[in-house]
Amino acid sequence: MINENNRKTIQQNLLMWYREHQRDLPWRRDKDPYKIWVSEIMLQQTRVDTVIPYYNQFIKKFPSLHQLAQADEEEVIKAWEGLGYYSRARNLHAAVKEVVAKYGGKVPSTPEEISSLKGVGSYTTGAILSIAYNQKLAAVDGNVLRVISRLFSLTDDIAKSTTRKKFEKIVLRILPDHSPGDFNQALMELGATICTPTSPTCLICPLREVCKGFADGLQDELPIKKKLKSPKKVPVIFLWITDGEYLLLEKRKKQGLLAGMWGLPTIEHVPKDKIKDEVEKYIMVKNIEHSSFETIGSFEHIFSHRHWQITLLRISVHINEQEKKRNDTWFRVQDLPQIALARVYQKAYQLISSLADSRKM
DNA sequence: GAAACGTGGAA
DNA sequence: TTTCCAAGTTT
């Protein structure tokens, strides 16, 4: 199915196109395996435009693998704030520490070693090793899944994990000996800019002459992908518990959504008619002296698999000094910007802030 | 193999 | 508004 002619044409056309049209991205400035690694983790399920400012700020803050390894986790999470999938940051931090401990600070260069690091799967292994170490490995991401589907007119469901393995073998067959890193990036770049999910611009595609999907007229039908379930709606309460100076935050559970992140006290699965009951139960359990509570407002936040319908409540309390010292979850409101908060909690903060502003005027 | 895991931008 | 999805990995 892939003859010698096609392979050569694919390699030459794609590589030539890439060298002419590649975007100037910050992580392409050098081949430091650490920087390539950071960029690949950030890029997981995340757009290039979103990543660029995070990457620049992250590398500025942690210029070397060693400096990242020595940083506090809170600091690393703060640098990741708003990027999402926070386990990526925790895994990267843990993995970098392991590289220092086990490999003397040098990013390992074998597939076995590097893929054993936390957060480094099949794709990232291929990406780092091909780009930074010039090794002939496939790096199959969502772009490549789509490009390969069309290029060879394949109807495999790209949502299935087995398809990725099959496509890795195919990529390996067209990967050139000489620039596997450039070729992998070219495949992704093509998918991101030409062979796009909808309305691919086949007219200017460097692979049009060898694209079976195009020849079959299937460029708009491929790839085949099973539809995702829509996020499940959940009524949620956020509690803004304060004495005007201090605010009560909670550390979220180690497992699950926003694991280990600081956030407002959050109560899930509360139907509207039971909000009052749930809040009073919470205050009772926490043994907080409160004077009043009011509804600040409502908003929604959609995760990949959950759709939170949030009601934000403000609870005025009196906090004695003993209580503030007894646990470490009371924070000065003015210190909030120094704590890493997921977007959903930042939205609540903004809501409160805008309300406070409007009241002053 | 399916589900969990964040967020924002575009169709 | 809804749906899709963007350089995936882990459980």
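Throughout, a chain's letter reflects where its sequence line sits, starting with A, and its residues are numbered from 1.
- No side-chain donor from either of Thr9(A) and Glu209(A) sits under 3.5 Å from a side-chain acceptor of the other.
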Under 3.5 Å donor-acceptor pairs involving side-chain atoms of residues 106-114 of chain A, not counting sequence neighbours:
| unit_1 | atom_1 | unit_2 | atom_2 | d |
| --- | --- | --- | --- | --- |
| Lys106(A) | NZ | Tyr133(A) | OH | 3.4 |
| Thr110(A) | OG1 | Glu113(A) | N | 3.1 |
| Thr110(A) | OG1 | Glu113(A) | OE1 | 3.0 |

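- Judged purely by atom type and a 3.5 angstrom limit, Lys118(A) has no side-chain atom pairing as donor or acceptor with the backbone of Leu92(A).
- Under the side-chain hydrogen bond (donor to acceptor under 3.5 Å, both in side chains) criterion, the residue pairs touching residues 56-73 of chain A are Ser64(A)-Gln67(A), Glu73(A)-Arg90(A), with sequence neighbours excluded.
- In DNA chain C, stems built from 3 or more consecutive Watson-Crick or G-U wobble pairs, each with both distances under 3.5 Å, span B:2-5 with C:8-11, B:7-11 with C:2-6.
- As judged by a 4.0 angstrom heavy-atom cut-off over every strand, Val51(A) is placed among residues making no nucleic acid contact.
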Show me the side-chain donor-acceptor pairs of residues 40-54 of chain A shorter than 3.5 Å, one per line, residues at least two apart or across chains.
| unit_1 | atom_1 | unit_2 | atom_2 | d |
| --- | --- | --- | --- | --- |
| Glu40(A) | OE1 | Tyr123(A) | OH | 2.6 |
| Gln44(A) | NE2 | Thr124(A) | OG1 | 3.0 |
| Thr46(A) | OG1 | Met42(A) | O | 3.3 |
| Thr46(A) | OG1 | Gln44(A) | O | 2.8 |
| Thr46(A) | OG1 | Arg88(A) | NH1 | 3.2 |
| Tyr54(A) | OH | Glu81(A) | O | 2.7 |
| Tyr54(A) | OH | Arg343(A) | NH2 | 3.4 |

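- Side-chain contact between Phe214(A) and Leu222(A) is absent, with no heavy-atom pair separated by less than 4.5 Å.
- Atom pair Leu117(A):CG and dG8(C):P shows a separation of 19 Å (rounding to whole Å applied).
- The interatomic distance linking Asp49(A) (CG) with dA6(C) (C1') rounds to 11 Å, in whole Å.
- With a 4.5 Å cut-off between side-chain heavy atoms of Ile, Leu, Val, Met, Phe, Trp and Tyr, the cluster of Leu228(A) takes in none.
- Taking atom CD of Gln309(A) as the reference point, atom P of dT2(C) lies 10 Å away to the nearest angstrom.
- Contact check of residues 36-43 of chain A against DNA chain C (heavy atom, cut-off under 4.0 Å) returns Glu40(A), Leu43(A).
- Closest non-hydrogen pair, Val76(A) versus Ala71(A), comes out as CG2-CB, 4.1 Å.
- Residues satisfying the ring-ring contact (aromatic ring centres under 6.0 Å, His included) criterion with Tyr55(A), sequence neighbours excluded, are Trp27(A).
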request  = At under 4.0 Å between heavy atoms, which parts of nucleotides 6-11 of chain B does protein reach? Answer with one letter per nucleotide, 5' to 3': B base, S sugar-phosphate only, - none.
outcome  = BBBB--
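- If you check every strand for non-hydrogen atoms under 4.0 Å, Trp27(A) touches a base.
- Glu300(A) has its CD atom 12 Å from the C1' atom of dT2(C), to the nearest Å.
- In terms of the ring-ring contact (aromatic ring centres under 6.0 Å, His included) criterion, Tyr246(A) has no residue partners (sequence neighbours excluded).
- Taking the C1' atoms as reference points, dT10(C) lies 13 Å from dG1(B), given to the whole Å.
- Here Ser199(A) lies out of heavy-atom contact (under 4.0 Å) with every strand.
- The same atom, P, is picked in dG6(B) and in dT11(C); the two are 13 Å apart, to the nearest Å.
- Of the residues in residues 131-142 of chain A, not one comes within less than 4.0 Å of DNA chain B through any heavy atom.
- The P atoms of dC5(B) and dA6(C) are separated by 22 Å, rounded to the nearest whole Å.
- Base contact: Arg28(A) has a heavy atom under 4.0 Å from a base atom.
- As a whole-Å value, the separation of Leu92(A) CG from dC5(B) P is 21 Å.
- Following rounding to the nearest Å, Leu228(A) (CG) and dA2(B) (P) show an atom-to-atom distance of 12 Å.
- As a whole-Å value, the separation of Lys232(A) NZ from dC5(B) C1' is 16 Å.
- When heavy atoms are screened at a 4.0 angstrom cut-off, Arg146(A) is found touching the sugar-phosphate backbone but no base atom.
- Although no hydrogens or angles enter the test, the distance criterion places no donor-acceptor pair under 3.5 Å between the side chain of Thr295(A) and the main chain of Gly297(A).
- In this view, His93(A) satisfies the ring-ring contact (aromatic ring centres under 6.0 Å, His included) rule with no residue, not counting sequence neighbours.
- For Arg19(A), the salt bridge (charged side-chain N to carboxylate O under 4.0 Å, His left out) partners at least two apart in sequence or on another chain are Asp182(A).
- Between dA6(C), dG8(C), dA3(B), one nucleotide has an atom nearer to the side chain of Lys229(A) than all others, and that is dA3(B).
- Using a 4.0 Å heavy-atom criterion, one finds that Lys227(A) contacts the sugar-phosphate atoms exclusively.
- In this structure, Lys233(A) places its NZ atom 10 Å from C1' of dT1(C), rounding to the nearest Å.
- Phe303(A) has its ring centre less than 6.0 Å from the ring centre of His301(A).
- Within the nucleic acid shown, Leu25(A) comes within 4.0 Å of at least one base atom, counting heavy atoms only.
- Each of Tyr349(A), Tyr86(A), Tyr345(A), Phe331(A) was compared with Trp262(A) under the ring-ring contact (aromatic ring centres under 6.0 Å, His included) criterion, and only Phe331(A) meets it.
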